[in-house]
Amino acid sequence: MTERTMTKGEPPSPADASRGRGGRGRSPAVPDRRGGSASPSRRRVPFGARLRRDWQLLLMTVPAIGLLAVFHYTPTLGNIIAFQDYNPWDGVWGSPWVGLAHFERLFTDPRFWSAAGNTLVIAAVQLVFFFPIPIALAILLDSVLSPRLRMVLQSIVYMPHFFSWVLVVTLFQQILGGAGLFSQILRQNGYAPLEVMSDPDAFLFVVTSQMVWKDAGWGTIIFLAALAAVNQNLYESAAVDGAGRWRRMWHITLPGLRPVIVLLLILKIGDILNVGFEQFYLQRDAFGSGVSEVLDTFIYHQTLVTGNFSAGAVAGLVKGVVGLVLIVLANKLAHKMGENGIYRRA
């Protein structure tokens, strides 16, 4: 093959230059610090250019940022009254400072530790018996082949989420109460009536059942979205290889849900001290405060009932700090297990 002859003074072409360096017509690679070759670094887009490019997306986030600022971050500044002998008439600036006196009084109050113990027990029971149910329900709904039937079932299981706790407690009272449906059937057959809705030993069963009936269907939304992102070709390949339904679920479905499960589990652990207020407040008199008093109802009675706003602020601040610590620890544990968790430092 003849090479192109260059006239005097004509600069070599890039192909000739590369061939002169021993290449084969490719542009020379830029060596990196590790001795290999790397592509030219992408130039960082200036902040002003990114602002002009993404201003529509930033504008869409303004309502959410305003909502967080008004209802979350601004009220957080009110935690300053935990270190004051707060009086609503004197305000934050006129109330005297007492330092950690309210913290000492809270940590020596047996009612606080009783409420904290009830909260942890209820949260642990709900974590074990309630958290897996939306996952199993989502897998069952995803396995329904008929889209119309799946839509009907989803609507049925979503509906209780929109009921108020007043209605939910009333329905359970009408079914399991002393004058409820089951008790009337037992009386007609000569048996003693049920007292489930007033038995302290049945309190955990009742509140967990109420939670499952009300929110299990709503909790499947995120898992159904995660299942929709799983590659369907994996199921077809596994079926061709002879994998049954259970093996496909174990090796394809659950690994596809694992990042979402870990994320929601971390958030649930961080929110372990917030088991709810209305559900327990409505049933506090029926079951007794010994088993139904949780931190949310304790804070309510310490603030709005007795008027001791500083004590309520201390309990709320302790809840927030404990939740933050639990989220950080759970996230670090997820990183050690190879999961992304909530966040990962770049």
Side-chain angles (χ1 to χ4, degrees), residues 45 47-84 86 88 91-93 95 102 119 123 126-127 130-131 134 158 161-165 211 214-215 218-226 229 259-281 294-300 302-304 309-335 339-346:
V45 180
F47 176 76
R50 285 182 289 160
L51 187 63
R52 290 190 298 270
R53 180 190 63 189
D54 301 330
W55 68 271
Q56 296 96 336
L57 299 177
L58 296 175
L59 186 62
M60 292 174 61
T61 63
V62 170
I65 295 175
L67 184 68
L68 290 174
V70 173
F71 293 101
H72 290 272
Y73 293 110
T74 302
T76 303
L77 302 176
N79 286 323
I80 193 174
I81 67 174
F83 306 94
Q84 295 178 323
Y86 179 71
V92 175
W93 304 109
S95 299
H102 292 296
T119 303
Q126 291 182 356
L127 187 65
F130 172 74
F131 185 79
Y158 291 170
H161 173 76
F162 301 98
F163 296 162
S164 67
W165 276 114
M211 180 71 68
K214 185 176 187 297
D215 289 330
W218 186 256
T220 61
I221 294 178
I222 298 179
F223 297 109
L224 287 173
V260 178
I261 293 175
V262 172
L263 174 63
L264 295 181
L265 183 60
I266 293 174
L267 294 177
K268 182 65 177 178
I269 292 175
D271 202 43
I272 198 170
L273 296 181
N274 295 319
V275 293
F277 170 75
E278 294 181 47
Q279 180 186 12
F280 301 95
Y281 179 75
V294 294
L295 287 177
D296 291 326
T297 57
F298 174 80
I299 293 174
Y300 168 77
Q302 287 293 317
T303 54
L304 298 181
F309 295 95
S310 296
V314 169
L317 185 59
V318 170
K319 282 179 52 182
V321 172
V322 172
L324 177 62
V325 172
L326 289 176
I327 285 181
V328 173
L329 294 178
N331 194 68
K332 288 184 177 296
L333 181 61
H335 290 170
E339 299 294 336
N340 290 328
I342 300 178
Y343 62 89
R344 181 180 291 273
R345 183 176 298 177

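- In this structure Leu333 satisfies the side chain to side chain contact (heavy atoms under 4.5 Å, CB included) test together with Met337, sequence neighbours excluded.
- Counting all heavy atoms, side chain and backbone alike, Val314 lies closest to His102 at CG2-CB, 3.6 Å.
- A search for salt bridge (Lys or Arg N to Asp or Glu O under 4.0 Å) contacts involving Asp296 returns Lys319, not counting sequence neighbours.
- The ring pair (Phe, Tyr, Trp, His ring centres under 6.0 Å) check on Phe131 picks up nothing, with sequence neighbours excluded.
- Heavy-atom neighbours of Leu224 CG from other residues, nucleotides or ligands within 6.0 Å: above the threshold of 12.
- Distance alone, capped at 3.5 Å, places no donor-acceptor pair between the Thr303 side chain and the Gly312 backbone.
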Donor-acceptor list for residues 259-271 side chains, cut-off 3.5 Å, not counting sequence neighbours:
| unit_1 | atom_1 | unit_2 | atom_2 | d |
| --- | --- | --- | --- | --- |
| Asp271 | OD1 | Asn274 | ND2 | 2.6 |

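- None of Val318, Val294, Val322 except one satisfies the side-chain contact (heavy atoms from CB on, under 4.5 Å) rule with Leu273; the exception is Val322.
- Every residue two or more places apart in sequence or in another chain that forms a side chain to side chain donor-acceptor pair (under 3.5 Å) with Thr297 is listed here: Glu293.
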Check residues 61-68 and write down every donor-acceptor pair under 3.5 Å in which the side-chain atom is one partner and the other belongs to a residue at least two apart or another chain.
| unit_1 | atom_1 | unit_2 | atom_2 | d |
| --- | --- | --- | --- | --- |
| Thr61 | OG1 | Leu58 | O | 2.6 |

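- Annotation: side chain of Thr119 is not in contact with side chain of Phe298 (no heavy-atom distance under 4.5 Å).
- The ring pair (Phe, Tyr, Trp, His ring centres under 6.0 Å) check on Phe277 picks up Tyr281, Tyr300, with sequence neighbours excluded.
- Residue Arg53 qualifies as enclosed at atom CZ: its count of foreign heavy atoms under 6.0 Å is above 12.
- Within the structure, no pair that satisfies the salt bridge (charged side-chain N to carboxylate O under 4.0 Å, His left out) test touches residues 58-68, not counting sequence neighbours.
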Carefully, step by step, assess Phe309 and Gln302 under the rule side-chain contact (heavy atoms from CB on, under 4.5 Å). CA-CA 7 Å; Phe309 295 95; Gln302 287 293 317; over 6 Å; no
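- Residues passing the side chain to side chain donor-acceptor pair (under 3.5 Å) test with Gln279 are Gln210, sequence neighbours excluded.
- For Phe130 against Met211, the heavy-atom pair with the smallest separation is CE1-O, 3.5 Å.
- Atom CG of Leu326 and atom CG of Asn331 lie 12.5 Å apart (nearest 0.5 Å).
- Residue Tyr86 comes nearest to Ser310 through the heavy atom pair N-OG, 3.1 Å, listed as atom of the first residue, atom of the second, then distance.
- Every residue two or more places apart in sequence or in another chain was checked for a side chain to side chain donor-acceptor pair (under 3.5 Å) with Gln126, and none qualifies.
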Let me have the donor-acceptor pairs involving side chains of residues 69-84, under 3.5 Å, with sequence neighbours excluded, atom names and distances please.
| unit_1 | atom_1 | unit_2 | atom_2 | d |
| --- | --- | --- | --- | --- |
| Thr74 | OG1 | Ala69 | O | 2.5 |
| Thr76 | OG1 | His72 | O | 2.6 |
| Asn79 | ND2 | Thr76 | O | 3.1 |
| Gln84 | NE2 | Val92 | O | 2.9 |

